[in-house]
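Read through the structure below, which is laid out as structure tokens, and then see the notes.
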Amino acid sequence: MACLFCRIAAGEIPAQKLYEDELSLAFADIHPQAPTHFLVIPKQHIDSLSQATAADKGLLGHLTQVATELAAKQNLAKGFRVVINTGPDGGQTVDHLHLHVLGGRAMHWPPG
Ligand code: AMP
Ligand code: ZN
């Protein structure tokens with residue numbers, strides 16, 4: 001199994017796990033860009049948001065729900081940012097759909 005995040009989901013590569021259920025996994029980003037920076041992924045492999053279909057609507061809702069609940073648990077009451085980099089121009093470097101959740105500092109806009 002080549003995909004890095006599939007291997008993390010399978011437990012083949014260690015990660016600092018924050019949450020796990022039958023559909024999703026959340027773990028700390030290895031190169032944090034904010035005081036709090038974690039990723040929420042589906043256990044099922046989907047290349048990117050572009051590859052998600054209508055059949056994945058429920059899963060996408062679940063991932064955002066997990067992100068929101070974990071943000072609350074991580075004391076991000078002042079706010080946070082959820083990012084889904086998609087494709088080369090979107091800055092995606094790992095081709096397994098993932099939500100970035102960033103917080104603990106004020107975010108800037110526009111993003112780079
Ligand atoms: P993206 O550039 O949106 O595809 O995001 C990929 C993210 O995965 C980056 O923020 C990386 O720091 C993060 N990352 C890469 N390898 C690992 C790993 N082994 N464990 C945790 N996060 C990782
Ligand atoms: Zn994968």
Side-chain angles (χ1 to χ4, degrees):
M1 198 188 293
C3 170
L4 174 64
F5 287 175
C6 280
R7 295 185 70 187
I8 288 177
E12 294 173 12
I13 292 177
Q16 191 187 323
K17 290 184 187 176
L18 304 176
Y19 175 82
E20 183 169 14
D21 61 30
E22 68 275 12
L23 296 175
S24 68
L25 177 68
F27 53 94
D29 195 291
I30 205 166
H31 292 126
Q33 302 300 319
T36 299
H37 184 181
F38 61 88
L39 305 174
V40 183
I41 68 167
K43 287 187 169 174
Q44 167 199 343
H45 182 90
I46 300 173
D47 279 348
S48 78
L49 192 59
S50 295
Q51 306 303 314
T53 69
D56 300 315
K57 272 196 287 191
L59 177 61
L60 293 173
H62 181 70
L63 298 175
T64 56
Q65 180 68 22
V66 168
T68 304
E69 286 179 8
L70 285 177
K73 284 195 180 125
Q74 304 269 327
N75 299 313
L76 300 181
K78 283 180 74 181
F80 55 93
R81 182 169 291 175
V82 178
V83 174
I84 306 178
N85 294 326
T86 304
D89 275 5
Q92 185 175 3
T93 61
V94 176
D95 291 334
H96 180 130
L97 174 65
H98 51 281
L99 282 65
H100 293 261
V101 181
L102 301 129
R105 66 169 170 82
M107 298 294 151
H108 307 291
W109 195 264

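Keep in mind it's a predicted model, so treat the numbers as computed, not measured. When a ligand or atom number is given, it counts from 1 through the structure's own listing order.
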**Message:** Is any side-chain heavy atom of L70 closer than 4.5 Å to one of V101?
**Reply:** no

**Asked** Parallel, tilted or perpendicular for H45 and H96, by the 30°/60° rule?
**Response** perpendicular

**Prompt:** Where do V94 and L4 come nearest, in terms of heavy atoms and distance?
**Reply:** CG2-CD2, 4.3 Å

**Prompt:** V40 and L25: same hydrophobic cluster, using ILVMFWY side-chain contacts below 4.5 Å?
**Reply:** no

**Asked** How many protein N, O or S atoms sit closer than 2.8 Å to the Zn ion (ligand 2)?
**Response** 4

**Prompt:** Are any side-chain N or O atoms of R81 and backbone N or O atoms of H100, one a donor and one an acceptor, separated by less than 3.5 Å?
**Reply:** no

**Minimum side-chain heavy-atom gap L39-H37 below 4.5 Å** = yes

**Message:** Under 6.0 Å between ring centres: does that hold for F27 and F5?
**Reply:** yes

**Asked** With hydrogens left out, which residues have an atom under 4.0 Å from ligand 1, given that only heavy atoms count?
**Response** L4, F5, I8, F27, A28, D29, I30, H31, L39, N85, G91, Q92, T93, V94, H98, H100

**Request:** Would you indicate whether the side-chain heavy atoms of L97 and Q51 approach each other to under 4.5 Å?
**Result:** no

**Prompt:** Does the side chain of T36 reach to within under 4.5 Å of the side chain of N75, using non-hydrogen atoms?
**Reply:** no

